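All values reported here derive from a predicted model rather than from experimental measurement. Start at 1 with the first residue, then count along the sequence.
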Amino acid sequence: MLPSCVKILFASQTEKAELWLPLLRRALPEDELVAVPDKSVDIALVATPPAGTFQKLGRPKLVQSLWMGVEKLLADPTYPRGVPLARLIEPGMVAAMTETVLAHVLDWHRHFYQYRAQQRERSWKRIDQRMASDRTVGLLGLGELGSDAARKLLGLGFNVAGWSRRPRTIPGVQSFTDLTAMLRVTDALVCLLPLTPQTAGVLNARSFAMMRRGGCVINVARGAHLVTRDLLGALDNGWLAHAYLDVFEPEPLPRDDQLWQHPGVTVTPHIAALTEPRTAVPKIAENVERVRRGETPANLVDVQAGY
Ligand code: NAP
């Protein structure tokens with residue numbers, strides 16, 4: 001059990017402290033918020049912490065990620081082994097991700113990517129309309145993000161399939177643990193997987209060839225899920241209609257990368273879903289309270305599974 005005042009470190013090179021700290025102070029008025037790591041820190045709130053942060057900590061009760069994906073923290077050799085790591089699951093980010101998925105699915109389904117190209121050519125040409133019920137969206141990952149996207153895609157009338165390690169029951173969603181079986185019914189493939197050794201490179205030529213012709217690929221998970229040359233091959237031979245890429249390896253996407261210019265690719269700078277401090281802070285405060293009461297924190301990462 002911790003003393004009533006908890007010492008909390010905020011360490012991030014990417015998240016803006018000026019947005020987070022006032023909200024954290026208001027939510028946790030009894031606690032001490034610090035920006036410099038030391039041995040007496042109880043809880044570390046981190047996303048891309050400055051190099052050396054973990055080595056300066058003693059043995060905190062919890063490392064709380066400010067992001068949903070934790071593969072970089074798990075791969076960090078300086079991470080204090082055995083200290084529980086919680087990932088952040090917060091409604092603002094989940095909602096943002098589903099909005100992004102819906103926007104891309106609709107852009108492809110309603111042919112807006114083609115109409116944008118036609119406008120550049122001053123070409124007035126109607127493309128045959130399809131109904132949402134003619135299309136199946138295949139979700140790689142049916143976790144926090146995949147299940148929310150699934151429900152909202154169903155609400156728009158799409159058929160929805162999903163792939164997970166363990167069978168998942170979501171009313172109306174065809175759940176698969178066999179990837180090949182899911183790909184065979186998929187028009188639009190959306191990657192919402194954590195990056196692990198098992199999921200790296202899952203968006204490859206073999207997967208694309210199993211999808212229905214004329215579909216799209218939406219990668220909003222991690223750059224290393226995609227084999228870029230396989231994607232370019234499937235776009236160039238016309239099997240895939242379009243790709244929406246938000247994440248890359250490396251980031252930022254180098255200025256001379258051919259993805260920037262490819263007519264079949266829409267590039268965004270890793271913005272599919274950003275952490276929303278207003279909805280994240282109450283979730284973080286809940287975990288601080290759990291630690292204060294000596295309870296197990298919520299959303300602990302399964303280090304063995306890698307997510
Ligand atoms: P989550 O709740 O942990 O769900 C992960 C899903 O992937 C689960 O359904 C899981 O299966 C499935 N899965 C994992 N490994 C698998 C495997 N080997 N085979 C089949 N299915 C597998 O994760 P989440 O919160 O939805 O987040 C997913 C990822 O999105 C994050 O890890 C992060 O990298 C990415 N992300 C990106 C952005 C962005 O802005 N681009 C923002 C937020 C998150 P089970 O259900 O069987 O466990």
Side-chain angles (χ1 to χ4, degrees), residues 14-16 19-20 23 47 65-70 87-116 130-164 168 170-173 186-195 203 215-223 225-226 241-248 251-253 259 264-284 299 307:
T14 39
E15 294 297 317
K16 292 182 180 139
L19 295 183
W20 285 87
L23 297 171
S65 170
L66 300 173
W67 289 354
M68 291 183 106
V70 289
R87 63 195 199 95
L88 183 61
I89 297 172
E90 59 95 357
M93 190 187 233
V94 174
M97 180 59 92
T98 296
E99 288 164 8
T100 296
V101 170
L102 295 182
H104 291 332
V105 168
L106 290 172
D107 186 81
W108 159 78
H109 169 61
R110 298 298 307 164
H111 307 117
F112 290 129
Y113 66 98
Q114 282 169 294
Y115 291 120
R116 281 194 297 277
R130 305 282 297 275
M131 290 174 66
S133 58
D134 296 332
R135 315 279 213 179
T136 299
V137 181
L139 300 165
L140 298 172
L142 276 180
E144 297 295 330
L145 297 174
S147 56
D148 191 68
R151 281 185 280 270
K152 290 173 183 161
L153 285 161
L154 283 174
L156 289 177
F158 290 99
N159 304 300
V160 180
W163 180 58
S164 49
R168 292 266 159 179
I170 303 173
V173 176
T186 294
D187 297 293
L189 184 63
V190 183
C191 186
L192 286 167
L193 289 165
L195 181 62
L203 300 173
C216 73
V217 168
I218 300 169
N219 188 17
V220 281
R222 288 292 183 260
H225 284 125
L226 175 71
H242 203 76
Y244 301 86
L245 305 180
D246 183 58
V247 283
F248 303 89
E251 290 181 5
L253 181 64
L259 288 171
V265 179
T266 297
V267 169
T268 48
H270 200 145
I271 48 70
L274 305 177
T275 304
E276 178 56 63
R278 286 170 295 171
T279 47
V281 165
K283 295 290 168 193
I284 290 170
N299 306 317
Y307 66 100

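Side-chain contact between L153 and L102: present, with at least one pair of heavy atoms (C-beta onward) separated by less than 4.5 Å. Side-chain contact between H109 and V137 is absent, with no heavy atoms from C-beta onward closer than 4.5 Å. At a threshold of 4.5 Å between non-hydrogen side-chain atoms, the residues W20 and I284 count as touching. In this structure, the side chains of P194 and M68 stay at 4.5 Å or more apart for every pair of heavy atoms. Counting heavy atoms from C-beta on, the side chains of M93 and L88 never come closer than 4.5 Å.
Side chain of R87 to backbone of G69: no donor-acceptor contact under 3.5 angstrom is found. With D187 contributing its side chain and G215 its backbone, the two residues share no donor-acceptor pair below 3.5 Å. With hydrogens and angles ignored, the 3.5 Å screen pairs a side-chain donor or acceptor of E90 with a backbone N or O of E276. Side-chain N or O atoms of N219 include one that pairs as donor or acceptor with a backbone N or O of R222 at under 3.5 Å. Formation of a donor-acceptor pair under 3.5 Å by the N159 side chain with backbone atoms of A161 is not found in this model.
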CA sep, side-chain torsions, deciding dist, call: V101, L145, side chain to side chain contact (heavy atoms under 4.5 Å, CB included): CA-CA 10 Å; V101 170; L145 297 174; over 6 Å; no
| said: With side chain to side chain contact (heavy atoms under 4.5 Å, CB included) as the criterion, how do M97 and D148 come out once you've worked through the C-alpha distance, each side chain's angles and the decisive distance to 0.1 Å? | reply: CA-CA 9 Å; M97 180 59 92; D148 191 68; over 6 Å; no
- List the steps, then state whether side chain to side chain contact (heavy atoms under 4.5 Å, CB included) holds for L106 with L156. CA-CA 10 Å; L106 290 172; L156 289 177; 4.1 Å; yes
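Distance check: L203 CG to L245 CG gives 9.0 Å after rounding to the nearest 0.5 Å. Distance check: D107 CG to Y113 OH gives 8.5 Å after rounding to the nearest 0.5 Å. Here the CH2-CG distance, from W163 to L139, works out to 12.5 Å after rounding to the nearest 0.5 Å. The NZ atom of K283 sits 9.0 Å away from the CD1 atom of I89 when rounded to the nearest 0.5 Å. S147 contributes atom OG, which lies 9.5 Å from atom CG of L192 (distance to the nearest 0.5 angstrom).
Checking V217, V265, T266 one by one against H242, the side chain to side chain contact (heavy atoms under 4.5 Å, CB included) holds for a single residue, T266.
Under the 30°/60° scheme for interplanar angles, the aromatic rings of Y244 and H104 are found to lie parallel. Between H111 and Y115, the two ring planes are perpendicular [angle over 60°; tilted spans 30° to 60°].
Nearest approach of A272 to D246, heavy atoms of both residues: N-OD2, 2.9 Å. Of all heavy-atom pairs between T268 and F248, the closest is O-CE1, 3.4 Å. For the residue pair T275 and A280, the shortest heavy atom distance occurs at CG2-CB, 3.9 Å. Between E251 and H270, the shortest heavy-atom distance links the atoms OE1-ND1, 2.8 Å. The shortest non-hydrogen separation linking R278 to L23 is N-CD1, 4.0 Å. Contact between K152 and T98 at its shortest, heavy atoms only, is CD-CG2, 3.3 Å.
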